[in-house]
Each structure stands twice: as C-alpha cells, then as structure tokens.
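Data first, discussion second: the structure below is written as structure tokens.
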Amino acid sequence: MDDSSNKAVLLADRISKSFGEVPVLFSVNFDVQAGEVHALIGENGAGKSTLMKILGGFHAPTSGNLIYDGEETVLPPNGQAEALGIVLIHQELNLAEQMTVEENIFLGRELSRNGFLDRKEMSQKVASWLQEVGMNISPNDRISELSIAEKQMVEIVKAMSRDARVLIMDEPTAVLTDAETELFFQQVEKLKKRGVAIIFVSHKLAEVNQIADRVTILRDGQWIATKPVDELSLDSMAQMMVGRELSNLYPPKNEADVDSDIVLQVQNLVAPNVNNVSFELRKGEILGFSGLVGSGRTALFEAICGLSSIEEGQVYLDGQPVQFKNVAEARDAGVTYLTKDRKGRGLLLEKTMRPNLTLMALPKFVKNFMMDTAAEEEALKRGIRRFDIRARDPKVKVGDMSGGNQQKLLLAKIMECDPRIVIIDEPTRGIDVGTKQQIYHFIAALAADGMSVVVISSEMPEIIGVCHRVAVMREGRITGVVTGNDNNETEIVRYAAGLKEARVHG
Amino acid sequence: MVDQTAAPEKQSKWPDIDFKTLGPAIALLILCVIGYLLNPAFLSEGNITNLLTRSAFIGIIAVGATFVITAGGIDLSVGSMAAVIAGLMIIIMNSAVDTLGTGVATVILGCGCSIILGIGAGWINGFLTTKGKIEAFIVTLGTMGIFRSLVTYFADGGTLSLNFDLRGTYRPVYYESVLGLPVPVWVFIFVAIAGWILLNRTAFGRFCTAIGSSEAVAKYSAIKVDRIKTYTYIIQGLCVALATIIYVPRLGSASGTTGVLWELEAIAAVIIGGTVLKGGYGRIGGTILGALILTTIGNILNFTDVISNYLNGTMQGLIIIVAVWLQRGSWGKNKKKTT
Amino acid sequence: MVDQTAAPEKQSKWPDIDFKTLGPAIALLILCVIGYLLNPAFLSEGNITNLLTRSAFIGIIAVGATFVITAGGIDLSVGSMAAVIAGLMIIIMNSAVDTLGTGVATVILGCGCSIILGIGAGWINGFLTTKGKIEAFIVTLGTMGIFRSLVTYFADGGTLSLNFDLRGTYRPVYYESVLGLPVPVWVFIFVAIAGWILLNRTAFGRFCTAIGSSEAVAKYSAIKVDRIKTYTYIIQGLCVALATIIYVPRLGSASGTTGVLWELEAIAAVIIGGTVLKGGYGRIGGTILGALILTTIGNILNFTDVISNYLNGTMQGLIIIVAVWLQRGSWGKNKKKTT
Amino acid sequence: QEDKIKIGVSYPTPTHAWAAGMNWHAEQAEKRLEELYPDVDLILVNSPDSGQQANAIEDLVSAHGIDALVVLPFESDPLTDPVLNAKKSGALITVVDRGLSQPNIEDIYVAGNNPELGRVSAQYMKTRLNEGDNIVILRGIPTVIDNERFDAFMEEIEGSGINVLDHKHANWNRDDGFEVMQDFLSRFPDIDAVWAQDDDIAIGVMAALEQASRDDDGIFVVGGAGMKQIIKRISEGDELIPVDVLYPPAMIATAMDVTVNAFKSNGPVAGRYILGATLITQENAMDFYFPDSPF
Ligand SMILES: Nc1ncnc2c1ncn2[C@@H]1O[C@H](COP(=O)(O)OP(=O)(O)OP(=O)(O)O)[C@@H](O)[C@H]1O
Ligand SMILES: Nc1ncnc2c1ncn2[C@@H]1O[C@H](COP(=O)(O)OP(=O)(O)OP(=O)(O)O)[C@@H](O)[C@H]1O
Ligand SMILES: [Mg+2]
Ligand SMILES: [Mg+2]
C-alpha cells in the first residue's frame, strides 16, 4: 500500500461522505495506478458508487482529500473533471434518450470547425469505435431505440473515446452478456497497455478475477482490504464482502414434476420481434430463457403480458385462451412481468419506497375506497425484511438508492401482486453475491410453493443453476429447449449462436 | 426537470418541507397584511366574503387542473369550456321555461346539463390526447378555439341571457349564504376536500402521480394510462361545470368574452401552489392557496388607486413572480449551489 | 413523456421519417389545395406574397420559440414583449427625430434599440428561470402581464404612432420587395436558415437538445445548463426584436392589443412543426411550416363566406387538431397499439 | 375623508384606441371635477372583463362605500345584477353607453347611439354610391354593439342596390383590419367602398389599400368613433376617408359631470342623455378635434 501510493495517479485519502444526516462512507482509502485495473467490490449499498462519484468529482467528500498526480486536488463538479483526464461511467445510464448515438458520445465535446459541427468527422470516428467493440448499430440511431445492453455499450464507447488517464467504470458489465463482456475486456486491456488507470466496479466476481490487478473490498461504507487479485479466491472475495461464510450460491434443485398441470401454454406466437414461438410452463416449474441480447426474450413476454400487441398465435392460461389487453388484466389473472429496465420502466425514481412498492398491486391496498396506508407500511416492512433492502434513510428517493437495492425493491414490488406466474427479466442485475443467493433461494421457494417462474437471464451460470428447463432464443424464435444434463453452457451457447436448432413443437 | 435536479441538493429537511408546504400560505399572509395596510376595509367581513366567493370560480377549476397537470397533461380549454357550458345551460334553461316553468326544476335541469356537458367536453379532450396521440397542448388549444367560437355562434355574437324570472330562482346559488358562508364558498370547500381526498388518499391519485412521474413505469405497473389520463380531463370538465353552475347566477349571461384567460389563471394557481408543471407531483392545498393569492392580488389592486390602472398587470406579474420565488426558497440556497 | 414512450414503438424506420418530416408539408399542401378550390385567387401572386409576409412575424418568433422549447422551457411573454418593444421603439424614434432628423439614422437607432431591448427582455426571462429557479411558465406568465401593461401605460391606453415623416423612411422595410420577395420574407428566410444552422449544425444546438432531453445528463456532461438555457431565452428575445423591426413599419403604431395571443400562435407553430413540447427534440423546418399553416388557415377563412364568421375559431381549432393528428401518423398505428 | 362625496367610475380596461380616449376623458374630468369641488372624490377603476368588472363594483361598494356609481358596462346583461346590488347599497347609478338589461336601475343614462352609427354610415354610402356598386364591411369584436351597428347598417342599405360582398370581423384592431382587407383585395377585384365601422380598423384598411395601390381609384373608407388622426385627415379633405361617424369617447366625462351635478345642484338631476352619431365631414371636423387625447 505504501509503495503503491507513490505511483498512484489518483488517490483517495480518508474519504468520508454523508448525505444529510446519513453517513455512507467512513474514512475510506483508495488509490489507482497507471496501467492497472483496480476493482472495487462490496455489497449493495456499501458505498461503491458513492466513492466512484467522489473520485469523478460528481460528489464532494464530506471530509478527506483527493490526491491527483501527487497533488491535493478539489475536482471540479459535473463531469468537468473530464478535462483533467478523469472519466466516469455512471452505474445508472446517463444518456440523452432522444439524441443519437453520435450526439451522445460527443456530448459536451463536439468537434467543430469554424464554429460549425464537423459531423462527418464525428460520425466516422463513432462508426469506427462502434466497430472496434463489435457493435452493430449506426451512429445515427436514437438512444431510445436501443436495448439496454446497447445503451451500456454506448456509454462505454463514450467513456473510452475521451482519452482518459483515469477511467472509472461503475458496473459496466451488469447488463452485458458474456460475449459482449469479452469484447469489452479486450478494450480494457488495450487501455491498460496504454497506461490508463482503470477502476472497475462489479458484482460479477469471476470478471473481477479475470480483469483486475488489485481488489479493494468495501463493507457498509468501511474499507475492509486492498489486495492483489492473486491473493484472493472467488470465495474469499465473497466472504470478505458479506462478512460471513457463504454456503452454496444456488439452492438444491428438486426436479419439477413433469406431470403437473400446464399453467401457461403459448402457441405459434407472432409479435413484434417475436417469430412463431411455442412453449409451455408447468406448475411449480422454473423455466429459463436464454439467448443473446436482442434475441426477443423480452419482446416475447411483453407480448404475453399485454405490453405489446400479439399479431398471431394463442396464449392459454390453465387451458383457457387468453389475450391480455394490458398489464392490469395480466396481473388480475396472476401473471406478472418484472422489467429489466428498472430505471426507465420499473421504478418512480422521484418517489420514496412505499408508493413504488405498492404501485402495481394498488387495488389490494384500498379499503373503503381509500388507500390503506397502514397496510402499505406493513407491506414495506415485510418487503424490506424479505428482500433485505438496505436504505439507510427510509424516506430516501428511490433514485438515490443504490442500484442493487433498487433491484430488490423492484422484486418486492412484483411480489406484492401475489402472482401465480412470475416472469423475471434479469433478476439479479447489479445485485451482490450475498443477496443473489437469497434471491435464488427465494425463486426456488416460490416454485416449491406451486408457483411458476420464468427467469430471463443473460447470465449463463444463473440460468443453469436455477432453472429446471431452459429455452434458448435466437432472432425471435426458440431454437431449443434443454433439460437435465443438457442444461449446460456449451449446449445453450450452441443453440443461442444458431449452430444448432431443434424443431420445437408447441 | 428543474425541480428534480434541484431537489437532491437540499441538505437538511427543514427548510424543504417549510417552503413547499408553507410557502404559498406565507405569500398569502403577506398579501393580506399589505391589503390591510392599504385599506383596513380589506379585512372587513364583506370583503373577505367577496374574496372567497370570487376565488371559488378559479379555485374549483384549478382543482381539476391539478389532476390534469399532476398526470403530466395540460388543459388550455377550461376558460372557453366554461363559456360554452354557461351558454348552453342558459339556452337549455330558457327553452325549458315553457314546459317546466321558472321554478327549481328548470335550474336543476340546467345544472344537470352543465355537468353532462362538462364531462363530455373533458372526455373529448382526454380522448383526443390519449387515443389520438396528439399533444395535450395542441388538443386543448384547438378545443379552446372551438368552444370559444361556439359560444359566440350560439350567442350570435352577442350575449346569451338567462330568463329574468329564472334568474330570481337561481340567484341564491350565488348570492345566498348558508351558515355565514356564501354557497359558492361551500361548493369550493366541498370540491377542495373531495379533490384532496381523491389525490392524496385514493388509488386514483396515486395513479395520476405515477403517470406524471413516468408514463412508462405506470404502464408496466398495470396502470391503465390512457384511461386514467382521460379521467383527469373528465374531472377537469366536471370542475369547470361546477364552476359554471355557480358562475351563471352571478351574471346571468354568457358571451364570447366569458372566461377569457381563466385557463392561464387556473394553471398559474396550480403552479403557484407548488404542483410541478411537468407532472408527477400535485398539491391540492397549494392550488387552493394559489387561487386565493391570485384573487387577493386583484382585490388589493381594486383597493387602492396609488398605482396607475394601466400598471395593474405589472403589479400582478411582479407579485406572482415574487410569490413563487419566495416559496421556492431558492434565495436561501443559492450560495450553497454548485453548477 | 408521451413521445419518449411512443418512440420505441416505431418498428420500421420509413413511416417514422415520413410523417415527422413530411407531415407538416403535406398538411400545408392540402390546405393550399383547399384554398385554391374555394377561390382560385388564393394562388394569385399577390395573395401568396401577403401570406408569406404575414407568416414572417409569427415565423420569426416561432424560430426563437423552437430553441426555448427544445431546451425544455416555454416563453409565454413573446406577444407582449413584441408590443412593448414596438412601443419603446416608436417612443425612441419619435424623440430622436429632433436630433437625428427623419432619415435612416433614426430608423437604425430604433432598430438597434429594439435588438438591445429584445436581448434584455430575453435575458430577464432566462435569468429568472435559471438563477431564480422559478418555473418558466410562471416567469413568462408574469413578464407577459408586465410587458403588456407597460405598453398600455406608455401608450396611455391608446396607440403609440410613429412620426409621420419617419414612417416614410421606414415603410420600405415592410412594403418593398427585393428580387421579387418582400423584405420581411427575406428576414424570415434569413432567420430560418440561421436558426436551422444553429440548432442542427453547432454545438449549441446539441446542448439545447441535450438539456431538453435530460437536464441531469446535460449537467453531467459538463454543459453549463443555466447559461445555455438563458441563451435560448435571449435568442427568443432577439427573434421577437427582429419580428418587431419588420412589424413597426407596417402600420407605424403599437398599442396594448399589439401581439395579443402571438405566444400561443408561436408555440402552436412550433408544436405543429413536430417539435416536442417537453423538450429534447426540435425542428426548425417544421416550425416554419407550422407558421405557414397557421397563417394559411386564417387566410383561407377570409377567402370564403360559406362558414359563419363566428365559427372561424371552430374551423381553426379543428384544422390544427387534424393537421397534427395527420402528421403524428397515429391513424396508421392505432390498431397495433395496446395500452 | 368620511364626509367626502365618493363617486366610483367603472369602465372596461382600455384595450383599443376608443376606450383609451374614453379613459383620457375620464381622467381629465376627474382632475377638473376634484379641483372644482374639493369635497368630491372620484375613484376610477377599469377591468378587463365582465367578471372582474363585477368584482370591481363590489369592491367600490364594500371598500370605498361609494355614494354614486358611474358605470360603462363591459356587457349589459352580466353587469345588471352587480349594478343592481350597488343600487341597493344606496348609491346613485349613472349608466354610460350600454344600457342594462332591466329598466329603471339607473338614475341617469348617458349613451351614444350604436344603431344610429350604422344607419348614418349607410346613409352616407347611399349618397356616394350607385346601384350595382360593391362594398365590403369590416366588423368589430362579435358583441351586441357590433351587432346593433351592423344590423342597422344592413337595414338601411337594403334595397339601394349596393352589393355587400362580404363582412368579416376585424375586432376593432388595426392589424386585423389590415389583414382582412388584404384578403378582401385579393378576393374582390372591384370594391367601391369600405365600411370599417371603427377608426382603428380604418387605419389598417387604408394601409392595405395603399399597399395594393388601390387607394386612388375612387374607393373610400368610412370609419367610426372620431379618432383624432382620422378627423385631421378629414379636415384636410382626404379623398380616401372623406367622413367619419362620431361615437364620442367623451361621453364618460359627460356622465361624470351630470353625476356630480346631481349632488351639487339643488334640483333633482336624472334622465337620459342620448348623444347623436354625428357625421363628421370636412366642414365640421375641427369641432371634434382634441389633439391632446390619445384618441
Ligand atoms: N444522493 C443521495 N442521497 C441520499 N442517499 C444516497 C444518495 N446517493 C447514495 N445514497 C445512499 O448511499 C448508500 C450507498 O449507495 P451506493 O450507491 O454508493 O452503493 P453501491 O455500493 O454502489 O451499491 P450497489 O452495489 O447496489 O450499486 C445507499 O444507502 C444509498 O441509499
Ligand atoms: N423498444 C424497442 N424499440 C426498438 N427495438 C426494440 C425495442 N425493444 C426491443 N427491440 C428490438 O427487438 C429485438 C428483440 O429485443 P428484446 O429486448 O426482446 O431481446 P432480449 O432477448 O430480451 O434482449 P436483452 O438481452 O437485451 O434483454 C432486438 O432486435 C431489439 O433491438
Ligand atoms: Mg452502485
Ligand atoms: Mg380620485
């Protein structure tokens, strides 16, 4: 630590931070050197994003100093630290939705010639960067038309385009698939070779192990340890984060009863981005949906739940044909869908936890035509306990909660609807290992109780570890369904990549 | 947006709650003190009653506007809507005199029609906004023109007047007092309480707030966005109808100039009261105070002739800006801000 | 919000570009055909020239409004601002006659003052909105009242008239043609092109869009949000000043009724043109077409007497709603949509 | 202060030139009368619409405790009740220009004559035009006043063989007058005369005629009300605007005079004073010229 701090490009010295009365960081030390990747890990709400924002100049520390290039510095606010070479990718997407990819990437740093934008130059640059990270989108696409993963990649491209000396990345891979992560890491390696100091926050410990040189662990706002990555195993990282021994991440799989009733059956469904899909879901089953980004998994279930229109095909619920015109009908029939876009579609960021929690199940909380606030309070307490939601200030705006705790709140919100069939899109996005384990056990418990669960996930281990059966989608079709021993990574990847395709009968 | 980004800056809870909630009340209080200093008659019972009664029109309409704005919409047509409803009410009542006489029955018929018309007009605004997918601003700018020209057409360019005998029957609705308060004030109180409960204590109010905060989140949370939005316009229409019911007996007539600029006054009352124009946060209590503030400004200006009459607009504009500035409490925080 | 959520629904690129870009043009074309069918004189050179010249006022103001709205603001004060600038210009020029005579010098002085006043008025709106942290709606509603009452005050309730000889010098600015087009049309073309370049081809335009899209994102991208927003109001003021410079020589007078409701017309032109009211997406080309559409509607209604005069407003309202509905192209997508 | 005679004067906010002239005359009268009678206090209030005028009248009664009310109603019907309430408080009522919709409320009535204005204008048209000649009409804001003028004009013109090509509302506004006239000129190649009804509109009309270079083929414009610029042009023998029909903005001053007199003279003062719609021609123009008035 001592010798390294000499070479540190950016060094945080005994940083503390409170929001109002609520302390979040307690005298944390952190440093990063040129040409290294320094990973920061910790539970949800440990204060990782807060520390990153302080290092990027977006928050001012309550006490403590930043030392940049050996000199004590007060960073300018609002991203102006970029001019000093410090670039931050926020955990929450930070793009102007109605603007194009090119406009976003160059926002605030437009290339001009004689006062006019040099659009050709910018466009070419963006196109080449996009190609470098293997993205198949045009610089003129609007952000609002991109998938979340694509948006994240745009953020990454944006950050990497800015000639950073210190690049801070807060969970850049949370929404990426393995393939995309791989491409991304190639870029990181390049930057590292160029001598960029990189700070990397992630809950995917395997990734940390792969890319990081040093790891710092934070728990409840306290600095726990900083170690070279070779001295840490995945288990020890998890253990230091959570502060206790973690048992098996995945719950034991009790095979679903193949003879139990079919609760949901989909036949030859055609919808926007969905092309003739058939499958069935049994009572007590956990059905996984895997596939590459944009393979149409989300589109499929949005169509089923009345969020987009069904063009052809039929959905049966308990053998009865149904077609939900809106989410309320689906909810009333016991089918609920948890979106993967928690910021844009999941939570009201300006509101506190309570109205968010009960929003979807609001009819349940009405007594004599009035809102039953006591029952809501009760539900909130229950939700907080059940999902281990950690907000130090219960009146905090949801937008100010840590990403992982938002995700937990979203789960709690869906569960308030008491669904029979729950469809969870990317359930553990941005969630720490400890909580992940809780969520997996929770899903298993739901299934054991006779509920049916659909898990859409781009995390292969999660899909394999939790699901009884996995359907693999590609270009809007189901290319294969794997069970039992076939439920393994190679098999799924082959279906997902289009190397193999089974005839799937409805 | 301004408010959303500004919000997290507030460090301590105290001044925040203070200004959002008490701001309009303080502004009103200051106005009352000024009024009293200018002319002690300002606080006479008669004047207070006049003031409250007058606020009733704009106040009732503004309660409706609070719902529309909270759900992220806007309604520019309310003034014209009031005019056309008043006009049609008068036509209907006048022609019902032959069959129903000049008694209470005719007045009730008129009020019933008013409410039906208000709901219908609100529904049209809501339908065009939600199903037609046209911006609320354009829809209601359009219906504003349509309603206004319709009332001019019905009145043949002139004034529609209520049958004189009927006016006698209907008069008490504006001029009588019950338990010391004029009827319009009671209606105002009733609408305010109903509106408050609806916005703050029912699922519907939650839905409005959610839609105004984020339509996408609302949609994914099983809220029937289009339906709720349409309801807000219908509530607005209903409020306009109620305001019209107490307006007609006052002047007994309607013309192309009835209700001109009420829409701006209503929206101003809502915003002064602390509701956020872009939606997602609504305060009925604030709206009521906003309406009272606006009426008081006009009243005070009638109480003094120190200022040239031509400068009334200047005073009004200044007071509105200062009132909002005071209550937003930005003067205390300015130096803490970093930008 | 509507638009943000609607955007992702668009499946294919084609119809999207089609309607957003060509929609207003198609609407204008249909109007012209209707005008011609009603009365072939509609397409006479004289009428086309009148139409273009008239559009110039609203059009120039609307170009400014496009910036304000794109950056997420709104300016309700433009009509009154035009009136007060016109009034002050006349007062200044009249009193300069003694020293500078009735020649071009005085007119140039007047125009210079107009521009300074426009910039100043815009700056006030911008300053109060950004530094005062008051909603743009309230600020500009306030300044609207202030400006309007000031001009009435200056004119003593009546009309301010330009010195007669001076009017002779100044007249050509409105009435003369250069290369077959009246001067106001040239100014309009110039402002439109400058506005288009500024919005689409400079960093400033991108900053406006970014701020309208999300103030937080803009702020985090090290854009000086307050400054850029203030600039948009200053541009708006400048556009109002330019519009006033070509307005004054027309009748050589200004009064309390000058520019009444221009704000609504300007905003309507902007929205009809496809700019999103909540900010983040602006189209100067559309704004120009929007201004032309609005003027054409009024012109056509003067060209026919099939419709009762009283119903002009109804026709206007209907045409605006239908024009926007057509261009939003929601009629094609309706059945695919679910709530 | 208590023993002063308080007279409230309520009229619409001057939003067009005629009303501004009226406001000027009212202010002149206030100054003159208050100087003349130190124990008289005149309180001038203007209001932008009927509802607010009703408010203002209420406030005059409740706050100022007026002894008399001089009111020029924004509209007749809506203000009938509020004025009646003022009367019930004991105030002497003088109504100006627009009658209330019930008889016997006002003690004094001072008014111009709207139908007469239309009639006189039509009569003049008939003297200048022949059968088959074409005229266009630019009307005011759709209100009772406009209707009265228009209906009387049409009644008078009927049977004369003069064609009324079309009539549109120009809202007593110069800009609207200009634009509507521009469109009339594009539409009708042959127009012999224009009835603009109001001098503000007439100014816009003349600018449009000038622009289209159709101001020297014998066409003429008849305005109304008596704006000083117009009267000046008439006195100079302008061909384009040969006459004007008076609708005197000074009527409010007359009403204030009469009302003050009711308190100051010994005999009872009451009754109706209807001011004629005089045709102003080059001969009598200077009698109606007030260069200091804004109108
Ligand atoms: N602007 C804010 N106002 C109030 N509280 C805040 C604010 N920002 C963060 N917090 C609180 O600070 C704590 C730490 O949050 P932070 O986002 O740093 O956690 P994190 O380690 O990044 O967690 P995650 O892994 O879930 O992203 C949380 O309790 C959060 O609610
Ligand atoms: N709102 C949208 N607007 C435009 N295209 C969309 C939208 N949503 C999805 N798509 C497109 O539809 C296809 C299927 O997307 P979908 O989100 O269903 O895939 P997915 O398998 O869920 O992907 P992900 O891994 O991102 O969750 C993709 O090509 C995607 O780009
Ligand atoms: Mg975080
Ligand atoms: Mg006096």
Side-chain angles (χ1 to χ4, degrees), chain A residues 53 56-58 76-83 88 90 92-100 102-104 106-112 115-119 138 140-147 158 271-273 302-303 305-311 323-329 344-345 399, chain C residues 1-13 16-17 20 70-72 194 196-228 274-283 333-339:
Chain A
K53 284 184 186 159
F58 289 87
N78 296 330
Q80 290 164 46
E82 259 182 38
L88 170 64
H90 292 264
E92 300 303 342
L93 291 170
N94 197 35
L95 298 168
E97 288 278 320
Q98 288 115 309
M99 298 176 81
T100 66
E102 178 247 309
E103 287 170 340
N104 266 287
F106 275 101
L107 190 59
R109 276 195 345 151
E110 287 76 5
L111 303 180
S112 294
F116 296 105
L117 292 174
D118 193 345
R119 301 189 332 138
S138 146
N140 297 323
D141 285 348
R142 279 193 196 287
I143 298 296
S144 58
E145 287 161 12
L146 302 181
S147 73
K158 177 177 172 183
N273 296 316
E302 291 198 342
C305 294
L307 281 155
S308 65
S309 51
I310 292 179
E311 283 153 24
Q323 178 159 4
F324 303 125
K325 284 203 295 294
N326 52 48
V327 185
E329 284 183 13
R345 295 167 178 172
Chain C
M1 253 309 175
V2 177
D3 306 77
Q4 297 175 1
T5 30
E9 311 278 342
K10 283 159 205 144
Q11 303 298 352
S12 97
K13 277 265 154 82
D16 178 25
I17 291 174
K20 278 268 175 197
T70 300
W196 188 86
I197 291 175
L198 194 58
L199 188 62
N200 295 297
R201 290 288 177 271
T202 69
F204 175 78
R206 290 213 175 159
F207 294 165
C208 294
T209 316
I211 291 171
S213 200
S214 160
E215 250 178 62
V217 170
K219 192 173 131 189
Y220 278 9
S221 302
I223 294 173
K224 299 197 171 89
V225 175
D226 282 357
R227 184 177 307 177
I228 300 289
T275 296
V276 175
L277 185 62
K278 306 223 166 182
Y281 182 74
R283 286 186 9 86
K333 285 172 198 158
N334 240 352
K335 61 177 196 290
K336 280 198 217 157
K337 285 274 306 180
T338 48
T339 310

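Letters go in sequence order (proteins before strands), and every chain restarts at 1. None of these values were measured; they are calculated from a predicted model. What you see below is based on every heavy atom in this structure, not just the backbone, and it leaves out hydrogens, waters and symmetry mates.
Among A:Leu95, A:Asn104, A:Leu111, the residue with the largest count of heavy-atom pairs under 4.5 Å with chain C is A:Leu95.
Applying the side chain to side chain donor-acceptor pair (under 3.5 Å) criterion to A:Glu82, with sequence neighbours excluded, gives A:Arg162. Take A:Ala271 and apply the side-chain contact (heavy atoms from CB on, under 4.5 Å) test, not counting sequence neighbours, and it matches A:Val274, A:Ala303.
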Legend entry - side-chain contact (heavy atoms from CB on, under 4.5 Å) between A:Leu117 and C:Arg206, intermediate numbers included: CA-CA 10 Å; A:Leu117 292 174; C:Arg206 290 213 175 159; 3.7 Å; yes
Inset, instruction - Check the pair C:Ser213 / A:Glu103 against side-chain contact (heavy atoms from CB on, under 4.5 Å), numbers first and verdict last. - result: CA-CA 12 Å; C:Ser213 200; A:Glu103 287 170 340; over 6 Å; no
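At a threshold of 4.5 Å between non-hydrogen side-chain atoms, the residues C:Val217 and A:Leu107 count as touching.
Aromatic ring pairs are classed by plane angle as parallel below 30°, tilted from 30° to 60° and perpendicular above 60°; the pair A:Phe58 and C:Tyr220 is perpendicular.
Nearest heavy atoms, A:Gln98 versus C:Gly280: CB-O, 3.7 Å.
Contact annotation for C:Ile197: only side-chain heavy atoms (C-beta onward) come within less than 4.5 Å of a heavy atom of chain A.
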